[in-house]
There are 2 protein chains.
Amino acid sequence: MIRCSKCGQVHAITKSGVVRGKQRYYCKDCRVYFTIPPVTGIHSDDYDKTAASRPGHIATILDIARALNISKSTVSRALQGHTDIKEETREAVVNMARQLDYQPNLLAKSLVRSKTNTIGIIVPEFVNSFFPTVIIGAQEIAGEAGYNVLICQSQESVRTEIANTQALLASRVDGVIISMTRETSNFDHLRVFERHGIPIVFFNRTCEQIAASRVFVNDYEGAFAAVEHLIVNGYKKIAHIGGPSGLRLSQNRLKGYLDALKQHRLPVNDKWIIQHDLTKENAWNCAEKLLSPQKRPDAIFCVNDPAAIQTLLYAKRKGIKVPEEVGIVGFSDDPISSIIEPQLTTVKQPVSEMGKIAMRILLEHIEKGMGQYSPFDTILPTSLIIRQSSVRK
Amino acid sequence: MIRCSKCGQVHAITKSGVVRGKQRYYCKDCRVYFTIPPVTGIHSDDYDKTAASRPGHIATILDIARALNISKSTVSRALQGHTDIKEETREAVVNMARQLDYQPNLLAKSLVRSKTNTIGIIVPEFVNSFFPTVIIGAQEIAGEAGYNVLICQSQESVRTEIANTQALLASRVDGVIISMTRETSNFDHLRVFERHGIPIVFFNRTCEQIAASRVFVNDYEGAFAAVEHLIVNGYKKIAHIGGPSGLRLSQNRLKGYLDALKQHRLPVNDKWIIQHDLTKENAWNCAEKLLSPQKRPDAIFCVNDPAAIQTLLYAKRKGIKVPEEVGIVGFSDDPISSIIEPQLTTVKQPVSEMGKIAMRILLEHIEKGMGQYSPFDTILPTSLIIRQSSVRK
DNA sequence: GTGAAAGCGCTAACAT
DNA sequence: ATGTTAGCGCTTTCAC
């Protein structure tokens, strides 16, 4: 509350410019200009170093500036490597920064630049090795380009995925890389990124409804090759444990499976195509459902390796011989696949590469800026790794 | 109350210097500079939405305020659920927020609050399942408490670890959970957190030199039990593939190994204690070194499961029968351990629990504030999972 | 080559 | 119950 220096009143006070760094006030009643005298006699010039070195304080450019008796702007410019700063000044600043343990406040920088240099990544889980491996690849590229990565797990829940998108928006990430949950069928929550000009790149579990770049493997060909391989090895009654029908990946792997059967004039048996929700437990149940009946298939093509591994374990548990009685092929080349016995035949995909490529594309989009790029698909090749689970001796 | 000379609005006005003794103002909406004219002009109440709805713009509280013709503060308070806000106003604000797709800018909030509600986690890698599992646990607890998590991989490199600490500091995380690299022996880079009052909690690979809380398992007992189990099962020439000597964990597991041998009056053979750098390749080499000579051990206790798995694979490759010719025990209960054949006997540790506990302790420390808490250790129990790799039929 | 000042979006102390 | 103001730490005109 400001009082007039003459009449002591508060009601007729307005601000009136600034003199020597102090706010000047004007009392309309008294027609008098005045400033607020400092409470203590100490002039603000003598900078109290204790303030900056109080426990926990992280030095700011202001601390550096005061210590060197120069301005914030100069410090800022020196630290950024601005060209028109005297070499001598720059050195002094850099040294003082080191001395004061200065660490730039990215929050402030990001706020003023409207750029966080942070990429959000949303993955359904990281229990299995697939997503961690993608993240490692993505993080490598991001790091090289000076970007940080904010990792979110949706835990295969759309609710969590929505919360993740909000968290990323609130953190003002510059871009997003996402592989959706198995249950995502409405994509409205992802449109906020579109609306705000934040580029998205989908990978693995992609989305047709949103105009964004996508990176995935040729699921159709991979599946086709896997099933054809089973056929060539003499399997005739081939079943399929498919993924959630909402995922493009499931649809394409299913299509590859069906086409391979058709092309080789093998019958398609609806009872032998079952849907798997991608949980470990359900994979076991699927295996049970397929392998229990008397009239059971002689081979199973699984939508991914975790499912194939559970199937293999189930068969072993039940004493069903693999590959003699039943052949099994998975998808992904999980590290476990080469360790389990019999070793699992699988469709290998370039996992870490997928993360790298997704990140490269995203950074490109960010660089170009909203509306200045066109989304595109990158389809990576797969290769069939033939091991023991699908080859009768 | 100052209104823009052009649009008549009050909310987009800021001061902009002084001209001829008059305060100059600036309207952000109209991008117009003006001073107060002697006569009050006409003002219009219709707020030009185009400014706020230009493509890419993320609504701020100012947009909400303008749309409702109230002040920023009221919006801020309404959004925070402040008690002394008229119910009607709050509803209007919340609705407008939804309508404008408002998402609070955490950068700004964190900047002003000096609190980011973000926890940094540094782990050496996440190729193996151990660290991802810890992170999942930690993230669960953090999420419940309204905290986000920033994950860094040091890739077992001190250089990267240092970069990680700087990144976390720059992001002004409220606390740090860390498991060090295998080569970290100087801890100066971690002291910045100490200096700035940012609490750290170590887990698994901990550090004595820094006063911070630590969470780890009883490595000594786990190792002792594992080796004793081998002895009880008739193994007499027991080797040890140990971890990097700098890690407390390696030391304690080694000590447990040695004490078990001593207690059972078995000889300690220096050639049978070799150090492993925790890479996959090196594990294989260690196995080779131990199992190649004529006079080879009849059992190996490995510092962790990845090493034990490589050892087992090596033995299989060389046709050395496990557990008949050589018994193997690991540490961690990696998912692969129950799948590989023969199944691996291992010392199980509560992995996800470790992450949860570390996070709970850290949040507690953060809550209490610098100097208001004392660091302490939490030692979790292990349990021996006896499988096939260590039991002769 | 350097400084002054505005402003990024928000909260909070202080006024009404 | 609501508005005004001053920062949080930084970058970036603009002025000299």
Side chains of A/Thr74 and A/Ser71 only: does a donor on one sit below 3.5 Å from an acceptor on the other?
yes

For A/Ile70, which contact category applies under a 4.0 Å heavy-atom criterion: base, sugar-phosphate, or nothing?
sugar-phosphate

Any B/Ser76 side-chain nitrogen or oxygen under 4.0 Å from OP1 or OP2 of C/dT11:
yes

Not counting sequence neighbours, which residues clear side chain to side chain donor-acceptor pair (under 3.5 Å) with A/Gln80? List them please.
A/Ser76

How would you list, by chain and number, every residue that makes a salt bridge (Lys or Arg N to Asp or Glu O under 4.0 Å) with A/Glu140, sequence neighbours excluded?
A/Lys356

Report yes if at least one side-chain N or O of A/Gln80 is closer than 4.0 Å to OP1 or OP2 of D/dC10; otherwise report no.
no

Write down the distance between NZ (A/Lys72) and P (D/dG7), rounded to a whole number of angstrom.
12 Å

Taking it one step at a time, do A/Asp63 and A/His57 satisfy side-chain hydrogen bond (donor to acceptor under 3.5 Å, both in side chains)?
CA-CA 10 Å; A/Asp63 295 315; A/His57 175 83; 2.7 Å; yes

Which whole-number value in Å describes the distance from A/Arg172 CZ to C/dC10 P?
7 Å

Rounded to whole Å, please give me the gap between CG in A/Leu62 and P in C/dA4.
12 Å

What bend angle does the helix from C/dG1-D/dC16 to C/dT16-D/dA1 show across its length, from five-pair end axes and to the nearest 10 degrees?
40°

Tell me the interatomic distance from A/Leu111, atom CG, to D/dT12, atom P, rounded to whole angstroms.
13 Å

Of the non-hydrogen atoms in B/Ile200 and B/Leu190, which two are nearest, and what is the gap between them?
CD1-O, 3.6 Å

Nearest whole angstrom, please: distance from the C1' of D/dT12 to the CG of A/Leu79.
15 Å

So does B/Ile85 get a backbone contact from the side chain of B/Thr89, meaning a donor-acceptor N/O pair under 3.5 Å?
no

Rounded to whole angstroms, how far apart are NE2 on B/His82 and P on C/dT11?
10 Å

Is the distance from OP1 or OP2 of D/dT2 to the nearest side-chain N or O of B/Ser71 less than 4.0 Å?
no

Interatomic distance, B/Leu107 CG vs C/dG9 P [rounded to whole Å]
10 Å

What are the two closest heavy atoms between A/Ala142 and A/Met359, and how far apart are they?
CB-CE, 3.6 Å

Closest to the 5' end of DNA chain D, once A/Val112 and B/Ala108 are matched to their nearest nucleotides, is B/Ala108

Does any N or O donor sit under 3.5 Å from an N or O acceptor when you compare the side chain of A/Ser73 with the base of C/dA4?
yes

Atom-pair distance (CD1 on B/Ile61; P on D/dG3), nearest Å:
12 Å

For A/Arg77 and for B/Arg113, find the nucleotide of DNA chain C with the closest heavy atom, then tell me which residue's nucleotide is more 5'.
A/Arg77

Compile the donor-acceptor pairs under 3.5 Å between side chains in residues 165-178 of chain B and protein atoms, sequence neighbours left out, one pair per line.
unit_1, atom_1, unit_2, atom_2, d
B/Thr165, OG1, B/Ile162, O, 2.6
B/Ser171, OG, B/Ala167, O, 3.0
B/Arg172, NH1, A/Gln103, O, 3.4
B/Arg172, NH1, B/Leu169, O, 2.8
B/Arg172, NH2, A/Gln103, O, 2.9
B/Asp174, OD1, B/Thr116, N, 3.1
B/Asp174, OD1, B/Thr116, OG1, 3.3
B/Asp174, OD2, B/Lys115, NZ, 3.3
B/Asp174, OD2, B/Thr116, N, 3.3
B/Asp174, OD2, B/Asn117, N, 2.5

Among residues at least two apart in sequence or on other chains, which ones pass side chain to side chain donor-acceptor pair (under 3.5 Å) with B/Ser114?
none

So what does B/Thr60 hit on the nucleic acid, given a heavy-atom distance under 4.0 Å: a base, only sugar-phosphate, or nothing?
sugar-phosphate

Any idea which heavy atoms bring A/Ala212 and A/Pro375 closest together, and the distance?
C-CB, 3.4 Å

Scan residues 84-91 of chain B against DNA chain C and write down, sorted by residue number, each residue with any heavy atom closer than 4.0 Å; if none is found, say none.
none

